[in-house]
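The structure appears right after this line, and notes come after that.
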Amino acid sequence: MRGAFLSLVGLAAAVSAVPAQAMNWCSLPQITPRFESDFEKLAPTVAALTGCARQSTDSAHRAKWVCEDDPATPDKFETVHIHFIREPGQGIHLLVLSLGMTDLNVLRRCGLRDLRDGEKFSAGNVAYRDRISFGFTGPRLTLTSILDKGMAAIVSDTKSFGEDDRVKGLWNGLYGITVVDYPSTGVKLAGVSPISTDVYGIVAAFEGRGSAVLASNDTGESFPKWTLSPPVGLGGVREVVIEGFVRHLLRADYILESTADYERFIGLLDAEYGRSERSSEKGCTYRWWDAGRMSIRGEHCPGKSDSLRFFNNVAGDQLEQVAAKMEADKANNSGDPKKPAIDDDMF
């Protein structure tokens, strides 16, 4: 099951010739499957509805089409790859691959009936960008991407809540990430959870408590960063540095005024999260605390700096997984021949 999804990683690169047709994005609801039997029903209609040309496949449970983005739309996504992926006896998914999509507004502009907005942030999935559904019980389309100019994937499922396990397998195949279900923490930054609040909401929470943005870099990109003045109620902190990964907090630093302030925070954190152990490395001393899916590191470098760093372990782990996936993909693109497909229901 999972292996079938992992084979999708190279789909976007598999088609060398791009037909001249332009993608009709507003046709997606008409080709979004609900039932496994929709494969035979919908596949013959895709080319006429979308403007994309059908390509050959080596599996009876796969179908694919390729076309260009519609040049009349304000968004430019270049080549579009459409796939039907059927797992016999389990279900069927529509997958649309393109470049540079960060939201589903191209569908919202279609004026579609019964289109309902879903969440734009998922605490356990850093690739998650946007979601829409058709009616109360209709299928959902979820957009995921990591890099703002990189590959984006729209995938369908028919769940009413939570995540489809087969779709989570797809996200793992595309990005290497393991989705975390309902991550949480007792840590609060400016009164909000740094796990379940997106990084822009966290910055806004600090501003709401009196912080001013002193500098910012790459906001709206995959690795945004802000430097803020301290908010009200955070005595002993000289400045706050917040770094994100896509829309998630990656880490937040409290740069402290003095060693005395650092020692005061050690006492407060020990009382809240349990007594920490002290370690030393390269002339600096460190302390660690854990709270759910957040970790806190205290750093004291004599004569240089004192700081506290709050790590979002979900985003940090998934960043490492993405990096490992990119390295593995690079190593696998060494010219090894592709293995022929063998459908599970053929033996």
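The chain is numbered in sequence order, starting from 1.
- Distance alone, capped at 3.5 Å, places no donor-acceptor pair between the Glu207 side chain and the Val213 backbone.
- Contact between Gly173 and Lys325 at its shortest, heavy atoms only, is O-CE, 3.1 Å.
- In terms of heavy-atom proximity, Gly244 sits nearest to Val199 at CA-CG2, 4.1 Å.
- In the hydrophobic clustering of this structure, Val192 groups with Tyr254; members are Ile, Leu, Val, Met, Phe, Trp, Tyr whose side-chain heavy atoms approach within less than 4.5 Å, directly or through other members.
- Hydrophobic cluster membership differs between Leu250 and Val314, with clusters built from Ile, Leu, Val, Met, Phe, Trp and Tyr side chains linked at under 4.5 angstrom.
- A salt bridge is absent between Arg238 and Asp261: the closest approach of a Lys/Arg side-chain nitrogen to an acidic carboxylate oxygen does not fall below 4.0 angstrom.
- Looking only at atom types and distance, the side chain of Asp253 has no donor-acceptor partner in the side chain of Ser307 under 3.5 Å away.
- Under the 4.0 Å criterion applied to side-chain N and carboxylate O atoms, Asp164 and Arg140 are not assigned as salt-bridge partners.
- The 12-atom threshold is not exceeded at NZ of Lys149, counting heavy atoms of other residues, nucleotides or ligands nearer than 6.0 Å.
- What you find for Cys110 and Trp25 is that their closest heavy atoms are SG-C, 4.5 Å.
- Asp345 places no side-chain N or O within donor-acceptor distance of the main-chain N or O of Pro88, the cut-off being under 3.5 Å.
- For the pairing with Leu228, the side chain to side chain contact (heavy atoms under 4.5 Å, CB included) check across Ile242, Leu214, Val241 returns one residue only, Ile242.
- Residues Leu99 and Leu95 are members of one and the same hydrophobic cluster, defined by side-chain heavy-atom contacts under 4.5 angstrom among Ile, Leu, Val, Met, Phe, Trp and Tyr.
- Applying the disulfide (SG to SG under 2.5 Å) definition to pairs two or more places apart or across chains, none involves residues 127-228.
- Under the 3.5 Å distance criterion, the side-chain polar atoms of Asp130 are matched with a main-chain donor or acceptor of Leu104.
- A distance-only check finds no donor-acceptor pair linking the side chain of Ser145 to the backbone of Ala152 [under 3.5 Å].
- Of all heavy-atom pairs between Thr185 and Arg293, the closest is CB-N, 4.3 Å.
- Summarising the geometry of Pro29 relative to Leu112, their closest heavy-atom pair is CG-CD1, 3.5 Å, with the distance given to 0.1 Å.
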Original post:
Passes side-chain contact (heavy atoms from CB on, under 4.5 Å), Val96 versus Leu141? Steps please.
Top reply: CA-CA 10 Å; Val96 183; Leu141 294 176; over 6 Å; no
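- Placement of Leu268 and Leu234 within a single hydrophobic cluster is found when ILVMFWY residues are connected by side-chain heavy-atom separations under 4.5 Å, directly or transitively.
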Original post:
Can you list the steps and then say if Val179 with Tyr128 is a side-chain contact (heavy atoms from CB on, under 4.5 Å)?
Top reply: CA-CA 10 Å; Val179 174; Tyr128 183 106; over 6 Å; no
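- Checking side-chain atoms of His248 against main-chain N and O of Ser122 turns up a donor-acceptor pair under 3.5 Å.
- A salt bridge does not link Arg166 with Asp157: every distance from a Lys NZ or Arg NE/NH1/NH2 to an Asp or Glu carboxylate oxygen is 4.0 Å or more.
- Counting heavy-atom neighbours within 6.0 Å of Ile342 CD1, excluding the residue itself, gives a total of 12 or less.
- Counted by atom type alone, Thr57 and Arg62 present zero donor-acceptor pairs between their side chains at under 3.5 Å.
- Within the 3.5 Å criterion, the main-chain N or O of Ile85 finds no donor-acceptor partner in the side chain of Glu87.
- Comment: Glu163 engages Arg131 in a salt bridge, judged by a side-chain N to carboxylate O separation of less than 4.0 angstrom.
- Aromatic ring orientation, His300 versus Tyr262: parallel (interplanar angle below 30°, classes split at 30° and 60°).
- A donor-acceptor pair under 3.5 Å links the side-chain atoms of Asp38 to the main chain of Phe35, judged by distance alone.
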**OP:** Please report the C-alpha distance between Trp289 and Ile266 in whole Å, then the side-chain angles of each, then the deciding distance to 0.1 Å, and finally whether the side-chain contact (heavy atoms from CB on, under 4.5 Å) criterion is met.
**Re:** CA-CA 10 Å; Trp289 299 266; Ile266 288 175; 4.3 Å; yes
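- A donor-acceptor contact shorter than 3.5 Å is absent between the side chain of Asp343 and the backbone of Met346.
- From Ile82, atom CD1 reaches atom OG1 of Thr50 across 4.0 Å, with rounding to the nearest 0.5 Å.
- Proximity of a side-chain donor or acceptor of Gln318 to a complementary backbone N or O of Thr178 within less than 3.5 Å is detected.
- Taking the six-membered ring where the residue is Trp, the centroids of Phe311 and Trp288 are separated by under 6.0 Å.
- Taking every heavy atom of both residues into account, Thr158 and Pro33 meet most closely at CG2-O, 4.2 Å.
- Residues forming a salt bridge (Lys or Arg N to Asp or Glu O under 4.0 Å) with Glu40 (at least two apart in sequence, or on another chain): Arg86.
- In this structure, Ser305 contributes its side chain and Cys301 its backbone to no donor-acceptor pair below 3.5 Å.
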Show every donor-acceptor pair shorter than 3.5 Å between a side-chain atom in residues 215-226 and any protein atom, with sequence neighbours excluded, or say none if there are none.
residue : atom : partner : partner atom : Å
Ser222  : OG   : Ile146  : O            : 3.0
Ser222  : OG   : Asp148  : N            : 3.3
Ser222  : OG   : Asp148  : OD2          : 3.1

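- Under the 4.5 Å side-chain contact rule for hydrophobic residues, Phe121 and Val126 do not share a cluster.
- A 6.0 Å sphere centred on CZ of Arg209 holds no more than 12 heavy atoms belonging to other residues, nucleotides or ligands.
- Expressed to the nearest 0.5 Å, how far OH of Tyr273 lies from CD1 of Ile296 amounts to 5.0 Å.
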Original post:
Hey, mind stepping through Thr142 and Trp171 against side-chain contact (heavy atoms from CB on, under 4.5 Å) and telling me if it holds?
Top reply: CA-CA 11 Å; Thr142 304; Trp171 290 330; 3.8 Å; yes
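- Figure legend: cation-pi geometry between Arg297 and Tyr286 absent, as NZ or CZ is not positioned both under 6.0 Å from the six-membered ring centre and within 45° of its axis.
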